[in-house]
A.B. asks: 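Please see the structure below; I have some questions.
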Amino acid sequence: MRRITARLVTQFISKLKSTSSSTMVCVVGILLALGISVLLSSRSEIPPPESSEKNAPRPGVRVAEKARENATRQEFTKAPRNQVSEKPDGNALKEIARDQPIKSPPKEEKLTTEAGKFSKADTVIGVLMAHKVRRSEIQEVLDSVREKRIFSRIRAGRRFEVRKKDGEFREFVLQLDNENRLRISRTPNGKMTASKEAIPYSIDVVRIQSRIHSSLYNAIADGGGSPVLVNKLSDIFAYVIDFHKDLQSGDQVEVLVERKHLRDEFVGYGRILAAEFKVGDRRHTAVYFQHGGGRYYNVEGESLRRAFLRSPLRYTRISSRFTSRRFHPLLKRYRPHFGVDYAAPRGTPVHAVADGVVTWVGRRSQAGKTIKLRHGGGYRTSYLHLYRYARGIRAGRRVLQGQVIGYVGSTGLSTGPHLDYRLIRRGRYLDPLKAKLPKGMPLPRSLRPAFKKILDERRTMFDNLPLLKEVQASPAAHETSFGAADQQTSRL
């Protein structure tokens, strides 16, 4: 219809070019009327709206319209590659991550530890300089410790550690003794501080069992132990066993002892928790109990610490015993010998057998250099043929049990270096090897149940713990040779 109308209008316009103006006006009016009529006719072709039930499209028409709607929707939901929807999927996130620059994590400071041991010629300053610590920082280390003498008392073999972060000094750890260490470190605000702390050992308990043939030293060594344990045992049993005369071949010793480790490196022995000597048909037992600072008691709960030591010397032999008739090797005649002669190398320390007061220090013709002590309970002791006296020993001076008062010599009437030890009570000479000396103090009744519990635990350990020799033979044994230990890097 529109095409026909347009053709007619074009024909009229071409004819109008040759007609007059009045005729033109008429023609224009006719054309306007025709246009209005065409417009009205086109509007009349659109059907009026009806209800959905009457004008519902046929099934085929409905399917076609649905397809067109889906196609239109897909066109709108297709997003360009450089656009992101509100909830992007995994592929979209990967695309975004590929386009974004990767940020590297912050660099962590690396802590390094340089460890070693002091030699005889080493000093703290020399050790720090050898590990490339600046002089200004070394001075800060020295200034952080109030007691400067600590640095001059470092013994050979003590461990140390120098710690740095990215080459910058951060910490210096120094072993002071077998139980403590000194930590000098820089705080976050840059100040250098020093603190004393206990060394965090890991501890296990092992059992040593051996039979005595030649000496206690050899017996402990055969059981896998070291001479350090021999010294500990002699101190514990010094009040009840005379190691010069009591121990015989065939006697047995059994010990429960702690071993200390640092990062699986064996560094030494700790406390002896319990020990037992089988001497002939007698048993001497010592059990450590934390009372009064920690002491050793027998199975009856009596302290092994007595008023008197059984001997003033350690690990010597008896060359002459107490007797009323002895042939003197120099005088060539019989005479009483009211003491016990302990043969020992010249310079061997002599210990006071009990607390007391020095009543005489000097030289006598046949006795040589002599020290006499007065003790409680009417007891007195004498120490003859000394090489020299210990420093500070003089008449009127109070001494403690176990204190060194002199050194073995051969002064006076003597054929060789030895100590003539004599024990007197109320003017009467006693045989030091047979005299019944005062017993130790017993535990209070209130502590007996706790001690019995500890005693039962130690008996169980004696029955069940493996022997030290078996532990050392195991591939997983902690203990290492001292040479290998020196080469390891260990932390204090």
A.B. asks: In Å, rounded to the nearest 0.5 Å, how long is the span from CZ of Arg211 to CG of Asp222?
C.D. replies: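 Spacing of CZ (Arg211) from CG (Asp222) equals 12.0 Å.
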
A.B. asks: Is the ring pair Tyr297/Phe451 parallel, tilted or perpendicular, if the boundaries are 30 and 60 degrees?
C.D. replies: perpendicular

A.B. asks: Please determine which of Leu386, Val404, Ile371 meets the side chain to side chain contact (heavy atoms under 4.5 Å, CB included) test together with Val350.
C.D. replies: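 With Val350 as partner, side chain to side chain contact (heavy atoms under 4.5 Å, CB included) holds for just one option, Leu386.
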
A.B. asks: What do the steps show when you test Arg459 against Asp463 for salt bridge (charged side-chain N to carboxylate O under 4.0 Å, His left out), and what is the final call?
C.D. replies: CA-CA 6 Å; Arg459 285 171 173 166; Asp463 294 336; over 6 Å; no

A.B. asks: With side chains defined as the heavy atoms from C-beta onward, is the minimum distance between Lys278 and Asp251 less than 4.5 Å?
C.D. replies: no

A.B. asks: Going by distance alone, is a donor N or O of one side chain under 3.5 Å from an acceptor N or O of the other, for Thr381 and Tyr383?
C.D. replies: yes

A.B. asks: Salt bridge (charged side-chain N to carboxylate O under 4.0 Å, His left out), that's the test. Do Arg283 and Glu276 meet it? Break it down for me.
C.D. replies: CA-CA 7 Å; Arg283 289 176 180 263; Glu276 185 176 71; 2.9 Å; yes

A.B. asks: Could you verify whether a donor N or O on one side chain and an acceptor N or O on the other, from Tyr288 and Glu258, lie under 3.5 Å apart?
C.D. replies: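 No donor-acceptor contact under 3.5 Å links the two side chains.
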
A.B. asks: Does one side chain, of Asp122 or Ser119, offer a donor that lies under 3.5 Å from an acceptor on the other?
C.D. replies: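 Yes, side-chain donor-acceptor contact under 3.5 Å.
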
A.B. asks: Is Arg186 paired with Glu140 through a side-chain N to carboxylate O contact shorter than 4.0 Å?
C.D. replies: yes

A.B. asks: Parallel, tilted or perpendicular: which describes the rings of His385 and His418, with under 30° parallel and over 60° perpendicular?
C.D. replies: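 Tilted: the ring planes of His385 and His418 meet at 30° to 60°.
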
A.B. asks: Taking the side chain as every heavy atom from C-beta outward, state whether Arg163 and Val173 have any atom pair closer than 4.5 Å.
C.D. replies: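 They are in contact (side-chain heavy atoms under 4.5 Å apart), so the answer is yes.
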
A.B. asks: Can you name the one residue among Asp246, Thr285, Ile241 that meets side chain to side chain contact (heavy atoms under 4.5 Å, CB included) with Phe277?
C.D. replies: Ile241

A.B. asks: Students often mix this up, so state it plainly: with edges at 30° and 60°, are the rings of Phe160 and Phe172 parallel, tilted or perpendicular?
C.D. replies: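 Taking Phe172 first and then Phe160, their aromatic rings sit tilted (interplane angle of 30° to 60°).
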
